[in-house]
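Here is the structure we will look at, set down as structure tokens.
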Amino acid sequence: MDSMYLCNMFKYLEELNGPQREAVLHTDGPLMIIAGAGSGKTKVLTTRITHLMASHKVDAFNILALTFTNKAAAEMKERVEKTMGNTEARNLYIGTFHSVFARILRAEATKLGYPSNFTIYDTDDAKSVVKAVINELGLDDKNYKPNTIYNRISSAKNNLVRAEEYAADQQLIQEDARINKPMFHKIYLNYSNRCFKNGAMDFDDLLLNMHTLLTRFPEALSKYQRKFKYILIDEYQDTNPAQYEIVKLLGAMHENVCVVGDDAQSIYSFRGATIQNILQFNKDYDEVKVIKLEQNYRSTKNILHVANQVISNNKGQIEKKLFTDNVEGDKINLIRTQTDNDEGRMVADTIQDLKLRKHFFNRDFAILYRTNAQSRSFEEALRRMGIAYKIYGGMSFYQRKEVKDMLAYLRVVVNPNDEEALKRIINYPGRGIGKTTMERAILAANTNNVSMWDVLTRASMYGFRASTLEALQDFVTMIQMFQSELSKKNAYDIAFMVGKDTGLVKELFNDKSVEGLQRYENVQELLNSIKEFTETPMNTEDGEVGEKDLGAYLQQIALLTDPAEQEQDGDVVKLMTIHASKGLEFPVVFVGGLEETIFPNAMAINTREDLEEERRLFYVAVTRAKKLLYLSFANARYRFGQLQQNESSRFLEEIPQEYIDYKLAGSSSRAQSSNMGSAYERMHRGFAKPSEPKREGSNVYSSLSARPKTVEHVPSENFVASDLKALRAGQKVEHLKFGFGEVTKMEGAAHNPIATIQFKLNGEKKIMLNYAKLRILDDE
DNA sequence: TGTCTGGATGTTTTT
DNA sequence: CATCCAGACA
């Protein structure tokens, strides 16, 4: 069949350009698609899936499509369903790596010694286990910071280095000894054992255990190799070595592996992703077809030029030239404000203005930022102006205390060995089982090498005093009663019963405060989502999925951040991190906080690799915009409760001036940064400009730990803020909060002067005179 | 055992 | 500025 004939036969092919169509029609054999931003890669993927089913009669059950985010998976599924026009698409294996593997592992867990109802630990649970292990080993958690340790464990797992292997590797042990963490391997081992004993897998285990399954059980390998005749992988540049190996194993039989990626959008190296995977793909299979999608259909010429220009500062990219036939469009707008609050207000004003003058709707706008914490000022401004918005990410629904509490009960019912969940609810609502009892139970569990639940069920053997024993037995009886209902009732009925019988719902109901009401509503919403789960039919195959029991529910939501986003979001402005925005597009995009230490982030400017990833992140942000792009930054913002000032982001300087409209920024916006030198030069100077005391001490932590305590000051009765225009070094002043001091230095631009003041009681502070209230003391 | 509180401590990004 | 936790007290 030649492509002309196919065109007539399959209408969907007509909508594709040359390379896109080629990618769809190359059905068999390894295929790598290098897809620039906005080049229609989702369209290619979904059309490819449709084509496989419609033209090649491939069964949906034999197609595996892996994505990185739930959002991307949902979108792909929806689009295939739409083009197919039937329900076949439901049988596709489309999902994130983690969710697809969780689904498979649920069917295969017993092979690996896990219960099929294994719990999935989120990052909080995992860190809590790490912490417990560190304490039990009697190690100092100042040196062994749970966060750092967890990250290192995670990174080991992402590189397929298992705990036993780690502990046996002398080089790694020596490396740890050098950085004064000689016991790391022991923590890793204990952590892994503890999770296993609890019948729990953390996020990384879902990959690691999938790999174990495929390598240790040949029949499992061959089963899934045969099953997945066609494999498609989105965002291939973001795969880590574990994912890479698994894909290689799964695809080895049919070699119908199609990967789509863009090295310029690789932004997940902190999660172990390595760009090597995309560069290596050619070598893994004999005849790899490589197709480049270089035409951008999303953005205006101006936006695309800016993106191309900035990303060209990165070294070592895959050669490609992204172009567009779209209109030239408006210039990029630069917004500059005094503070983060002003930034929020200015963005909200601009949105309002565009709605009125250019007839945009709320849903046309996205506000993107580097860190979740930045959402606050935008949120406040939008709320004040009565503009509907929705924040994606941040504190997720399932992370809220009341939701976690409720889920912890359900987790214990399904898997009583889940110690993290057990600890959470054993005394909530209060039933007289205190810290001491809990510690003793855990100790007993550890010394006897049984689970905490085992100890509780045989509490009388462990010498608790009578009243405690009674409380424990009541608790155990209650949980067992729930468990006995598992086989008789559906997930919702059990959840409802748990909420009622434990007194948890009642406790929340009785709290009439605003937050209490919200908490109550959240639990109700959780119950609703369980109800919806039980009532939605699901495809069944091999008895592998399709269960609607509580265990299935828990495993499914463990990988979700929000309950099913059914309402199609409505007409709202969307707020999210740049990471979360990947793969999405919006008519008007605002990117906030373009300041040094925020974007690029202070954590990511010490190596070229880190900085280049920040730049790719900026590239991702810019290329989300279709029509209008606004970049904003504030001279100062509140961080850790103090007003901190920042220079504008170096990325702004990498944009050619002719693409920028400065009318909202003021003409001086580049003046203060013009003497900074190029990014390249600054990189070779190590970024630390001697004239910038805020970067003293070379890292964030040293300046944090050096933060002085504020000694409260009671202002003088006659305190009147002076006019500070004439303030000069040497003068003595009184500050409302910091007390008396002497000005040692004046700096900053004329419209934004900054005084360094040595306070008698509070040490040296930098004070922005535009905001501070100071009384100049008369010369004595 | 439960509750209160002051002091320390922390902000990257996500499954 | 929030949140968390250890230690004080009821």
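Throughout, a chain's letter reflects where its sequence line sits, starting with A, and its residues are numbered from 1.
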Can you tell which of [options] lies closest to the side chain of [X]?
X: A:Thr371; options: B:dT15, B:dT13, B:dG10; result: B:dT13
X: A:His579; options: B:dT13, B:dG10, B:dT15; result: B:dT13
X: A:Ala580; options: B:dT1, B:dT14, B:dT15; result: B:dT14
X: A:Lys142; options: B:dT9, B:dT13, B:dT1; result: B:dT9
X: A:Phe270; options: B:dT14, B:dT15, B:dT1; result: B:dT14
X: A:Tyr268; options: B:dT14, B:dT11, B:dT15; result: B:dT14
X: A:Thr437; options: B:dT1, B:dT15, B:dT14; result: B:dT1

Under the criterion salt bridge (charged side-chain N to carboxylate O under 4.0 Å, His left out), which of A:Arg424, A:Arg400, A:Lys423 is the partner of A:Asp405? A:Arg424

Reckon [X] touches a base, only the sugar-phosphate, or nothing at all at heavy-atom distances under 4.0 Å?
X: A:Phe97; value: nothing
X: A:Lys401; value: nothing
X: A:Asn372; value: sugar-phosphate

Can you tell me if [X] touches the phosphate of [N], counting only side-chain N or O atoms and a distance under 4.0 Å to OP1 or OP2?
X: A:Thr436; N: B:dT1; result: yes
X: A:Thr123; N: B:dT15; result: no
X: A:Lys131; N: C:dC5; result: yes

Length of the line joining [X]:[atom1] and [N]:[atom2], which is rounded to integer Å:
X: A:Tyr638; N: C:dC1; atom1: OH; atom2: C1'; result: 11 Å
X: A:Lys127; N: B:dG10; atom1: NZ; atom2: P; result: 12 Å
X: A:Asn341; N: C:dC1; atom1: CG; atom2: C1'; result: 13 Å
X: A:Leu559; N: B:dT15; atom1: CG; atom2: P; result: 9 Å
X: A:Asn143; N: B:dT9; atom1: CG; atom2: P; result: 14 Å
X: A:Glu613; N: B:dT14; atom1: CD; atom2: P; result: 12 Å
X: A:Arg639; N: B:dT11; atom1: CZ; atom2: P; result: 12 Å
X: A:Gln555; N: B:dT15; atom1: CD; atom2: P; result: 18 Å

Qualifying residue for side chain to side chain donor-acceptor pair (under 3.5 Å) with A:His211, from A:Glu245, A:Gln243, A:Arg162: A:Arg162

Residue that, paired with A:Lys582, satisfies side chain to side chain donor-acceptor pair (under 3.5 Å) out of A:Thr69, A:Thr623, A:Asp238, A:Thr577: A:Asp238

Please tabulate, one pair per line, each protein N/O and nucleotide N/O from nucleotides 2-6 of chain B that are separated by under 3.5 Å, including the distance.
from, atom 1, to, atom 2, distance (Å)
B:dG2, OP1, A:Asn427, ND2, 3.4
B:dG2, OP2, A:Asn427, ND2, 3.3

Nearest-nucleotide 5' precedence on DNA chain B, A:Arg271 against A:Met438: A:Met438

Which sits closer to the 5' end of DNA chain B, A:Ala604 or A:Thr468, going by the nucleotide each is nearest to? A:Thr468

Tell me which donor-acceptor pairs under 3.5 Å the side chains of residues 469-476 of chain A have, and how far apart each pair is, sequence neighbours excluded?
none

Any donor-acceptor pair under 3.5 Å from A:Arg615 side chain to A:Leu611 backbone: no

Between A:Tyr369 and A:Phe378, how do the two ring planes meet: parallel, tilted or perpendicular, split at 30° and 60°? parallel

Kindly determine whether A:Arg345 and A:Glu380 satisfy salt bridge (charged side-chain N to carboxylate O under 4.0 Å, His left out), including the steps that lead there. CA-CA 8 Å; A:Arg345 234 169 285 143; A:Glu380 277 172 16; over 6 Å; no

Under 6.0 Å from the NZ atom of A:Lys181, do we count more than 12 heavy atoms belonging to anything else shown? yes

